[in-house]
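All remarks here apply to the structure that follows.
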Amino acid sequence: MFSRRQFMAGTTAATAAALAGCGPSRDGRVRIGFVVKQPEEQWFQSEWRFAGMAARDKGFELIRIGAADGDRVLTAIDNLAAKNASGFVICAPDPRLGTAIEQRARVNDLKVMSVDDRLIGPDGKPIDSIPHVGISALAIGRMAGETAIAEARRREWDIGRTGVLRIAYDSLETGRDRTMGARGAIIAAGLPPAHVFDAPQRTTDTEGGFTAADPVLTRHPDLRHWIVTGLNDEAVLGGVRAAEGLGLRADSVIGVGIGGSGTAEAEFAKRQPTGFFASILLSPRKHGYDTSVAMYEWIVRGSRPPSLVYTDGKLMTRDNYRRLLAEEAA
Ligand code: GLA
């Protein structure tokens, strides 16, 4: 018979082992976390959906966690360990959480890789020891810019009287690269740099885009044609909605988003075209399915994922969005 004290000590040790993630899972199944910064955003919903398909195909258990701030991220990592997960894929709410995330994963004996937003260390440089899958941000931004300027030419806009709204989220490297890529392409095509206006957003959702865009557009009533760029579809849609609110109609606005998930789809599905002209379709399959499989292989076979993978994008408009989305889903 155990004394009460021995019993308590044993319980504590077992609890600690479970919390540290070193006990075997009851059914022997591999458990993998997929932590995202904005679970309500379509892109992250799509990533989760594809990660779920990977879980089904490979037979692991996927634990989806939304973590909108640093505290929640660290709690999420502890919870994953308590659930006997072996690793996780993460798009963190702030890349500067990198060191804390790496440490907390190590303490809990969890493998970690990042997706979408690359984690940075205290020196502001990317943490090379964490494998990462991100988009080719500059090239994709350039594609967005080239698409917008080609459409402006097709509409025979006077380029000298056209404004560019760069809805900016520059604290995030991929965000800065995307919109700077767009800006570079537009200026290279002949638009005066003085006509590019930055609208810094606080949050990367539609509301954040709207709130950033509205005062900038209001300050320039002389410019009646606008190109809208941003790091994702939501930011650009916010800018397009702000322009609509100021009486700028679809033929005066060319918004080119990045993402191509539900937000762009809903806009293209409207009977009447809006100022949301195009999006660059990213691959939630590569970011959700392939990352989860890479984590699974790392756990079960010890094969470490490549340290850096960049994915590309495809131009998506009202004309081809149904076909492109069907191909991605297949
Ligand atoms: C960042 C953005 C998201 C999405 C992903 C894609 O995390 O905030 O909206 O565009 O990149 O990589």
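Just follow the structure's listing: the first ligand is 1, and inside any ligand the first atom is 1. Residue numbers count from 1 along this sequence.
- For ligand 1, the atoms lying closer than 4.0 Å to a non-hydrogen atom of Leu231 are 2 (C), 8 (O).
- The side chain of Glu41, and not its backbone, has at least one atom closer than 4.0 Å to an atom of ligand 1 (non-hydrogen atoms only; side chain from C-beta on).
- Ligand 1 has a nitrogen or oxygen under 3.5 angstrom from a nitrogen or oxygen of Lys37.
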Step-by-step salt bridge (Lys or Arg N to Asp or Glu O under 4.0 Å) determination, Asp128 to Arg118: CA-CA 9 Å; Asp128 290 328; Arg118 200 162 179 208; 3.1 Å; yes

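- Atom CD of Glu207 has 12 or fewer neighbouring heavy atoms from other residues, nucleotides or ligands inside a 6.0 Å radius.
- Of all protein heavy atoms, the one lying nearest to atom 4 (C) of ligand 1 is Trp43 CD1, 3.7 Å.
- Between Gly33 and Leu80, the shortest heavy-atom distance links the atoms CA-CD2, 3.7 Å.
- When the options Val253, Leu248, Asp158 are evaluated for a side chain to side chain contact (heavy atoms under 4.5 Å, CB included) with Arg224, the one that passes is Leu248.
- The shortest N or O to N or O distance between Thr204 and ligand 1 is not under 3.5 Å.
- Here's the thing with His287: none of its N/O atoms is less than 3.5 angstrom from an N/O atom of ligand 1.
- Heavy atoms of Lys286 found under 4.0 angstrom from ligand 1: none, in either backbone or side chain.
- The protein non-hydrogen atom at the shortest distance from atom 11 (O) of ligand 1 is Arg178 NH2, 2.8 Å.
- One finds the OG1 atom of Thr174 at 7.0 Å from the NE2 atom of His132 (value rounded to the nearest 0.5 Å).
- Close approach of ligand 1 to Asn232 is summarised as follows: ligand atoms under 4.0 Å from at least one heavy atom of the residue are 9 (O), 10 (O).
- A salt bridge links Arg241 with Glu267: the distance from a Lys NZ or Arg NE/NH1/NH2 to an Asp or Glu carboxylate oxygen falls below 4.0 Å.
- In terms of N/O distances under 3.5 Å, ligand 1 is approached by Asp117.
- Side-chain contact of Thr204 with Glu234: a donor-acceptor pair under 3.5 Å is absent, judged by distance alone.
- Listed by atom number, the atoms of ligand 1 under 4.0 Å from Asp116 heavy atoms are 5 (C), 6 (C), 7 (O), 11 (O), 12 (O).
- Side chains of Asp116 and His287: a donor-acceptor N/O pair is present below 3.5 angstrom, by distance only.
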